[in-house]
Amino acid sequence: MDKKTKDTLLGGIINNPVFVLVLGTCPTIAKSTNISNGIGLGLATLFVLLCSNVFISLLRKTIPGEVRLPAYIVIIATFVTVVQLFVAKFLPDLDKSIGAFIPLIVVNCIILGRAEAFAAKNNVLLSAIDGVSMGLGFTLALILLGAIRQFLSEVCKLTFFVSSAGGFMIFGLVMAAFNYVITAINNKAFSKKVLLDMKAPKAEDVKEAE
Amino acid sequence: MSITQILSIVVAGLLTNNIVLSQTLGICPFLGVSKKTDSAVGMGFAVTFVLLIASVVCWALYTYVLLPLEIEYLQTIVFILIIAVLVQILDIVLKKLSPSLYNSLGVYLALITTNCAVLGTANVVINDGLGIIETIIHSVSVGLGFTLALILMAGVRERIDNNSAIPKCFKGLPIALVTAALMSMAFAGFAGFSF
């Protein structure tokens, strides 16, 4: 595996769309109230991202530069409509809980962002890998936030964390913890042992919020 | 339509159902353009303008074209195209009329297209089956609610960014998100919040 493929494959983690690139924050906060919503919306986004990346990569030499953004948006909106109809027909429960946010996948900046930054410049296989990797990174972020919020609201009975205020708060704290860990990893002065200790505040951050 | 109905739509859009702080839509510009009050005001009114026109045009197209032809499933595609065209027009007009505002908004002007507050409101208007007058009042108050949240946030952030007491890992977006959480709690109070 050459370096580029490897970088693309790990892109979803290293350049995590939610915590590092800070794209697609609206569905992240609104629909990370529990794990199942997170998985549902994450996979829907993954599907759209994969399909739009592949299609845009295939058409990257055909679409003229001046009209590329409208063209991308139409491609993305088409796949979103596919997901929308599929979920409404076969997954009525999921439709009830995240239905309002499925059309909004069109305006999720991760998708247009990856189309512009990656799929428009790379071949089909790499674009497909990028779509899956970024989609999984998004899904994992939603699951992480969803797990924390579900735990706090159901086990600890703090219903505050289901509200949007709780969403903002947990998102901010987890992002701070992410920054902390990444700075620690980048800082070569730390030994491996210290590094392990540095990860501890993550749990404390969450406790503080209680 | 009675005055109480109008008032309830306005209050819901501005405070109780604030698009940013309680619906969590339009977070990207909320975090991106809230560093200075001036650009926050400009951005707020630009979004309000697009929101109003987009909702009205989407409503009219849905009611008079998509419904009679029974092609409602094209809703998402048609709406996003209308919004993209409107933003492009706004871009050209602002460049001519107010170059200073155009420069301060920068890339965020084009990004109004992907502001989910705009598409979200257009969808809500259709899903709730609002009439044309309700649509106009609803979209203006949602837009003003967005502007209000943006200006409040800009006021707080202008002070926060110079504060050296903030831990390094909280600098920038994390502290802005925690601030937004506190603001969101305050706004939830308008709706009678219960823990």
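Please read these numbers as outputs of a predicted model, since none were measured by experiment. Below, read A as the first sequence line, B as the second, and so on, with proteins coming before strands; counting in each chain starts at 1.
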Any non-hydrogen side-chain atom of [X] less than 4.5 Å from a side-chain atom of [Y]?
X	Y	value
A:Leu173	B:Phe170	yes
B:Thr24	A:Cys26	no
A:Thr25	B:Cys28	yes
A:Gln84	B:Gln75	no
B:Leu25	A:Leu104	yes
A:Phe171	B:Leu173	no

Could you state the interatomic distance from [atom1] ([X]) to [atom2] ([Y]), rounded to the nearest 0.5 Å?
X	Y	atom1	atom2	value
B:Cys116	A:Phe101	SG	CZ	7.0 Å
B:Thr76	A:Ile76	OG1	CD1	12.5 Å
B:Met185	A:Phe160	CE	CZ	3.5 Å

Margin query: Which heavy atom of B:Ala181 sits nearest to which heavy atom of A:Met169, and what is that distance?
Written below: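 Looking at all heavy atoms of both residues, the shortest contact is CB-N, 3.5 Å.
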Note to self: Could you report the tightest heavy-atom contact between A:Phe168 and B:Leu177, atom names first, then the distance?
What the structure shows: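 Taking A:Phe168 first and B:Leu177 second, the nearest heavy atoms are CB-O, 3.6 Å.
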Checklist line | Side-chain donor-acceptor pair present, B:Gln23, A:Ser164, cut-off under 3.5 Å | finding: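 A:Ser164 and B:Gln23 do not have a side-chain donor-acceptor pair below 3.5 Å.
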Counting heavy-atom pairs under 4.5 Å to chain A, which of [options] comes out on top?
options	value
B:Leu31, B:Leu119, B:Val178, B:Ile83	B:Leu119
B:Gly32, B:Ser22, B:Ala84	B:Ser22
B:Phe79, B:Tyr73, B:Phe187	B:Tyr73

Checklist line | Part of A:Thr78 lying under 4.5 Å from any heavy atom of chain B | finding: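 A:Thr78 touches chain B through backbone and side-chain heavy atoms alike.
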Just wondering, are more than 12 heavy atoms of other shown residues or ligands nearer than 6.0 Å to [atom1] in [X]?
X	atom1	value
B:Ile133	CD1	no
B:Tyr62	OH	yes
A:Phe55	CZ	no
B:Lys171	NZ	yes

Next item on the list: Determine the option with the most heavy-atom pairs under 4.5 angstrom with chain B, choosing from A:Val107, A:Val74, A:Ile73.
Entry: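 Top count of heavy-atom pairs under 4.5 Å with chain B: A:Val107.
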Checklist line | chain A contact via B:Thr113 - side chain, backbone, both or neither, heavy atoms under 4.5 Å | finding: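 Its backbone and side chain both get close to chain A.
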